[in-house]
Amino acid sequence: MAETRIVTKRLRDHPDDSWTIDRYLQTGGYEALRKALTMTPEQIGEEQVKASGLRGRGGAGFGTGQKWSFLPKDVYPRYLAVNADEGEPSTFKDHMLVERDPHQLIEGVVISAFAIECHQAFIYLRGEFALGAERMERALAEAAERGFIGKNILGSGFDLDVVLHRGAGAYIAGDETGLLSSLEGERAMPRIKPPFPAVQGLFAKPTVVNNVETLSTIPYIIERGGEWYASLGVGKSTGTRVFSVSGHVERPGNYEVELGTSFRELIEGLAGGVPGGRQLKFFIPGGASSPWLVPEHLDAPTDMDYVQNELKSMLGSGAIMVFDQTTNPVQVAWRIAKFFAHESCGKCTPCREGSTWMEKVLYRMANGMGRPDDLDLLLDFGDNIVPGLNAPFAQTTICALGPSTMSPVVSLDRYFRDEVLQMIGAPAASAVEST
Amino acid sequence: MAFSDDNRRKAQALIARYPVAKSAILPLLHLAQEQDGWVSPAAMEEIAELLELAPAQVLGVCSFYTMFKREPVGRFVVSVCTNVSCLVNRGPELLEALDARYLDDDEVFVEEVECLAACDLAPVLQVNYEFHGPVTPESAETIIEEYRRGTRVARSVSGTLITSSDRER
Ligand SMILES: Cc1cc2nc3c(=O)[nH]c(=O)nc-3n(C[C@H](O)[C@H](O)[C@H](O)COP(=O)(O)O)c2cc1C
Ligand code: SF4
Ligand code: FES
């Protein structure tokens, strides 16, 4: 099984200099921008991007063309914020795309800004990506020198200023409204929606927030057409995605495949499977926020809707974490809970308190101090964060971090309840009920 | 005055990049940390003055973000990831070993961090925001000591861009 490389093609073909302007131009770079500037914004957004079926690669999977069309008519200025804050545990695709193909992102940004009639874009780059910042800063300077950004781009009359903004270590700045707060000089605390950023975003102006991979795809949609892009993938999950595969696999790395490719092809095929002849125990299909899956799901397609509707999980950020038979699932759940407890911004009580308590209870469970009803206690916490848990979805928090804290707990309950109870020395479930 | 004259000019240029001055707060905090190796109260006061904010607002923002150090940390910040992909690849052992090794070392500050978005290199660490992985406790120590001896060129503790001449040294 081979990859279908679109956004990762250049960096794979030219590992030594894929980030330089010379290589970018030599491999057809900025041609899509030239083409886009001869089109109208409607032709780009409505006709091509909408037709491509492209859905956001940041986590929520919202239609990109649709998001752009939510901008209120005739309200200016408008802003474009690039979400390059990549912090979802086990996701490492944007890191690669920024470091190794910064011009591809810049070209996507300029085309998108032109399509949404915006003259000021910000690239919110995760603070820890020092080399990425260095390469992006240089790429922006090169692009400005050659007239791809700045005033009167390629003689079209279109102006765009792009500012690189480094974050400083806060996962929650990756949430789109947290990102906007951070960019405004505040703590990166999310804001309640509505109003959505498209209506009232940065400095209360209409703002589009898009992920690095999403925007890096735009030049190809312009170059080859939305219909071509829509012919790749499966159902409403069109095109390709860059999956970050890590954990217990032979060849951890980023693999770009058509959506719909099975988890098995990614984990066992491209990533080489679990090393040492050991067995797969479980995997997390879409970053730490997504509920876990088990070997019986290996043949499921990486189709966003299928994973959500049939498997009650999500493709999220496209990060697949693999765990072999030696893994203690409670320890993994604890480490993820610790992450959320650390990264909760503290604005909503259920998330702040719930994540902290979840970490404490999972810690004792993972360290031989668990109590018989701890798993049910955890589910009870969850009921205060996401009443009814799965459906109907009623969250009590401002952003999705709160509900995400429940994914490891729900997963333990779904697939490892017996093992967990046995581990903490609890009597069988029925015995607990009868006492 | 906390900023050097040169950095004050840089600060003004950074502020000018944004439609609203306050947006420059993270860039200015990075600049202060690059200059001094940490963010001092004096620097926060000057940033407040430059942005027409109360010093408490600057402290409030500064303390929210883990990269900003509000006390001196030495020349090297070693960030060790223990999140899940590193967890199952001996990240915690790496952290424990480096913690013990550099406990009394004023130049090397070891910290535990969340996923660094380089899980294909697990277990991963950064030295002043330069990635290294996969590493063992032994190879990590070798790398850190090479930075100390100057046989590897380190970034600032803010990970800030080094000049290309530094790079070529
Ligand atoms: C807690 C939290 C963290 C997030 N982190 C990221 C992130 O690091 N990168 C990202 O692109 N999107 C992240 N998102 C999703 C963004 O809110 C937003 O949906 C996305 O950037 C939109 O871009 P897209 O439509 O191109 O996917 C996060 C969301 C939440 C709730
Ligand atoms: S859900 Fe959690 S992270 Fe999100 S705004 Fe509320 S407290 Fe902050
Ligand atoms: S889990 Fe360690 S870098 Fe991602």
Side-chain angles (χ1 to χ4, degrees), chain A residues 77 79 86-95 120 122 126-131 133-134 137 161 163 165-171 173 182-189 202-203 244-248 251-254 284 288 319 321-324 326-327 331-332 335-336 338-339 342-343 345, chain B residues 14 17-30 33 39 51 53 57-58 60-68 79 81-89 91-92 111-122 124 126 128-131 134 155-156 158-162 164 167:
Chain A
Y79 295 110
E86 191 168 62
E88 182 69 27
S90 296
T91 318
F92 47 93
K93 63 191 179 71
D94 299 338
H95 180 193
Q120 175 74 65
F122 295 93
R126 183 167 173 182
E128 290 91 336
F129 294 168
L131 179 61
E134 192 178 303
E137 198 75 80
D161 182 34
V163 168
H165 188 92
R166 285 180 70 206
Y171 166 67
S182 184
L183 203 43
E184 288 175 1
E186 303 282 349
R187 292 180 156 218
M189 287 185 167
L202 193 59
F203 312 120
S244 306
V245 189
S246 70
H248 287 138
R251 292 185 295 274
N254 284 313
I284 313 186
M321 286 173 242
V322 178
F323 302 94
D324 73 14
T326 66
T327 313
Q331 201 197 13
V332 173
R335 187 60 188 81
I336 294 175
K338 181 179 167 188
F339 167 77
H342 183 246
E343 301 298 337
C345 83
Chain B
L14 286 168
R17 299 169 87 173
Y18 297 91
V20 176
K22 194 176 173 187
S23 284
I25 194 162
L26 292 191
L28 297 194
L29 288 164
H30 275 302
Q33 181 150 299
V39 186
L51 300 178
L53 300 171
Q57 283 174 288
V58 179
V61 170
C62 181
S63 60
F64 188 82
Y65 298 89
T66 55
M67 281 178 74
F68 298 131
S79 314
C81 172
T82 58
N83 210 307
V84 283
S85 295
C86 290
L87 175 79
V88 299
N89 281 293
E111 61 178 7
E112 178 180 18
V113 295
E114 295 298 350
C115 176
L116 287 166
C119 327
D120 48 341
L121 305 179
V124 169
Q126 291 187 314
N128 290 1
Y129 302 98
E130 195 80 66
F131 283 96
R155 295 173 182 277
S156 79
S158 209
T160 339
L161 321 182
I162 51 172
S164 48
R167 176 66 89 197

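- Between A:H165 and B:Y18, a ring centre-to-centre spacing shorter than 6.0 Å is recorded.
- Residue contact with chain B, scored on non-hydrogen atoms closer than 4.5 Å, involves the backbone and the side chain of A:Q331 alike.
- In this structure, A:K338 does not pair ionically with B:E114, as no charged nitrogen and carboxylate oxygen lie closer than 4.0 Å.
- Using a 4.5 Å cut-off between heavy atoms, A:K93 makes no contact with chain B at all.
- In terms of heavy-atom proximity, A:F92 sits nearest to A:S246 at CE2-CB, 3.9 Å.
- The distance from atom CZ of B:F131 to atom NE2 of A:H95, rounded to the nearest 0.5 Å, is 4.0 Å.
- Of the atoms belonging to A:S90, heavy atoms from both backbone and side chain fall under 4.5 Å from chain B.
- For A:M321 against A:A288, the heavy-atom pair with the smallest separation is CE-N, 3.5 Å.
- Taking OH from B:Y65 and NE2 from B:H30, the interatomic distance works out to 9.5 Å, rounded to the nearest 0.5 Å.
- For the atom pair CE (B:M67) and CZ (A:R166), the distance works out to 5.0 Å, reported to the nearest 0.5 Å.
- Ring planes of A:Y79 and A:F203: perpendicular class, angle over 60° (limits at 30 and 60°).
- In terms of heavy-atom pairs under 4.5 angstrom with chain B, the leader among A:F129, A:F339, A:F122 is A:F339.
- Side chain to side chain, B:R17 and B:S23 fail the donor-acceptor criterion of an N or O pair below 3.5 Å.
- Of the listed residues (B:P19, B:C119, B:A24, B:C62), the one with the most heavy-atom contacts under 4.5 Å to chain A is B:C119.
- Residue with the most contacts toward chain B among A:P252, A:G185, A:A168, A:G169: A:A168 (heavy-atom pairs, distance under 4.5 Å).
- Not one N or O on the side chain of B:D120 forms a donor-acceptor pair closer than 3.5 Å with the backbone of A:G253.
- Counting heavy-atom pairs closer than 4.5 Å to chain B, the top-ranked of the candidates A:P77, A:G87, A:G167, A:A319 is A:G167.
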Q) Could you go step by step and tell me if A:E86 and A:R126 meet the salt bridge (charged side-chain N to carboxylate O under 4.0 Å, His left out) rule? A) CA-CA 6 Å; A:E86 191 168 62; A:R126 183 167 173 182; over 6 Å; no
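- One N or O on the side chain of B:S156 and one on the backbone of B:S158 form a donor-acceptor pair closer than 3.5 Å.
- Between chain A and the options B:V88, B:L53, B:L51, B:N89, the largest number of non-hydrogen pairs under 4.5 Å is found for B:V88.
- If you measure heavy-atom distances from A:S182 to chain B, the contacts under 4.5 Å come from both the backbone and the side chain.
- Using a 4.5 Å cut-off between heavy atoms, A:Y171 makes no contact with chain B at all.
- Contact count versus chain B (heavy atoms, under 4.5 Å) is highest, among A:E343, A:E88, A:Q120, A:E128, for A:E128.
- For the set B:A118, B:G60, B:P27, the count of heavy-atom pairs under 4.5 angstrom toward chain A peaks at B:G60.
- Heavy-atom distances place both the backbone and the side chain of A:A188 under 4.5 Å from chain B.
- Heavy atoms closer than 4.5 Å to chain A are found in the backbone of B:V113, but not in its side chain.
- Interface remark: B:T82 contributes backbone and side-chain atoms alike to the contact with chain A (heavy atom separation under 4.5 Å).
- Contact of A:R251 with chain B is not made at all, since no heavy-atom distance falls under 4.5 Å.
- Using a 4.5 Å cut-off between heavy atoms, B:N83 touches chain A through backbone and side chain atoms alike.
- Comparing B:N128, B:V61, B:L121 by heavy-atom pairs within less than 4.5 Å of chain A, the highest count is held by B:V61.
- For B:L87, the part lying under 4.5 angstrom from a heavy atom of chain A is the side chain only.
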